[in-house]
Amino acid sequence: VSTSHLQLATFALGTVGWILCTVSMGVVEWRVWHVDNTTIISSGIAWVGIWKVCFISYLHVSPGHKEQFCHKFSGYDSSIPHEIYAAQGLLLIAMFMGLLGLTATVFALRNVYMGITHKTLITRFFLVGGFFYISAGLCVLIPVSWNFYSVTHNQSIAFPPSYYMPSSPAAQEAGAAIPIGIVAVILLLLSGTFSLSYRFPETTNTITK
């Protein structure tokens, strides 16, 4: 038990990283667009996520009433950039892999704290957990980096007319999902590194299989 404290921290960090990965996937603020035409986008700010685009409108539904208008990305639209659809798939994979990593870590820690001295089983589950954590971290890193690159280069998106969005913003900046994703990547990669570093204690009084 005394040799697995780092792996207990692995489980805590992995849990927080997995939660942040899930949060970043649901947050719509991946890109924050500042637009000049406020006829429909009343606040002059629109949020572009990986599942939908949203903005505040006073006129779209009923004059004088403030309401958030969102348009979900449906199917595969060629006008939507590849990094958005890549983020959808990769974050879903990351969420699944992170969950598998947590499951493997829980099983290994259960054996350790219950005094089960099956060296091969415990070590393998920590290794499997580490593999899934690192894979999940990389799956988050790719869309976060790709979308951040698009933001810094102020890349435009040719939205269909039904989205009520301009094809390019006056300026854009990274939304809250980007830093959340970066923290998730750091925690997941740390969890994977710590999990892979586990070494079963070698003692003369311990029977291993």
Side-chain angles (χ1 to χ4, degrees), residues 10-34 41 43 45-56 68-106 128-160 162-165 169 172-195:
T10 292
F11 174 72
L13 294 175
T15 300
V16 176
W18 179 76
I19 292 173
L20 291 178
C21 167
T22 306
V23 169
S24 69
M25 184 169 57
V27 172
V28 70
E29 294 90 355
W30 277 74
R31 308 186 195 182
V32 179
W33 278 28
H34 299 271
I41 305 176
S43 63
I45 297 176
W47 303 280
V48 181
I50 61 172
W51 304 103
K52 59 186 177 180
V53 57
C54 297
F55 54 82
I56 300 295
Q68 186 179 56
F69 174 76
C70 293
H71 199 299
K72 294 182 179 179
F73 303 138
S74 56
Y76 184 81
D77 191 334
S78 59
S79 64
I80 305 302
H82 298 299
E83 61 266 28
I84 288 180
Y85 287 112
Q88 293 178 1
L90 288 171
L91 286 175
L92 286 172
I93 293 173
M95 186 175 65
F96 180 68
M97 286 190 169
L99 187 59
L100 290 177
L102 291 174
T103 303
T105 303
V106 167
V128 169
F131 168 78
F132 281 124
Y133 285 135
I134 291 177
S135 298
L138 294 177
C139 285
V140 179
L141 177 62
I142 294 172
V144 166
S145 302
W146 197 350
N147 280 275
F148 184 71
Y149 174 86
S150 299
V151 169
T152 55
H153 286 73
N154 199 31
Q155 293 185 355
S156 61
I157 302 175
F159 288 109
S162 61
Y163 283 56
Y164 302 102
M165 287 284 292
Q172 64 177 302
E173 59 189 35
I178 300 294
I180 292 174
I182 292 173
V183 175
V185 169
I186 294 172
L187 294 180
L188 288 169
L189 293 180
L190 282 176
S191 298
T193 303
F194 292 161
S195 189

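Computed from a predicted structure; not experimentally measured.
- Taken to the nearest 0.5 Å, the NZ atom of Lys52 stands 12.5 Å off from the OH atom of Tyr163.
- Shortest non-hydrogen contact noted between His82 and Trp146 is CB-CH2, 4.0 Å.
- Nearest heavy atoms, Tyr133 versus Ser195: CD1-CB, 4.5 Å.
- Between Ile45 and Phe55, the shortest heavy-atom distance links the atoms O-CB, 3.6 Å.
- Listed by chain and residue number, nothing satisfies the ring pair (Phe, Tyr, Trp, His ring centres under 6.0 Å) test with Phe96 (two or more places apart in sequence, or in another chain).
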Side chain to side chain contact (heavy atoms under 4.5 Å, CB included) between Phe159 and Phe73, worked out: CA-CA 10 Å; Phe159 288 109; Phe73 303 138; 4.1 Å; yes
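- Pairing each heavy atom of Arg31 with each of Asn147, the nearest pair is NH2-OD1, 3.4 Å.
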Worked verdict on Trp51 versus Met25 for side chain to side chain contact (heavy atoms under 4.5 Å, CB included): CA-CA 8 Å; Trp51 304 103; Met25 184 169 57; 3.6 Å; yes
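- Residues forming a ring pair (Phe, Tyr, Trp, His ring centres under 6.0 Å) with Phe148 (at least two apart in sequence, or on another chain): none.
- Annotation for His71 and Ser162: closest pair CD2-O, 3.4 Å, computed over non-hydrogen atoms.
- Legend: residues meeting side chain to side chain contact (heavy atoms under 4.5 Å, CB included) with Val185, ordered by chain and number and at least two apart, are Val140, Leu141, Leu189.
- Of all non-hydrogen atoms in Ile157 and Trp33, the two that sit nearest each other are N-CH2, 3.7 Å.
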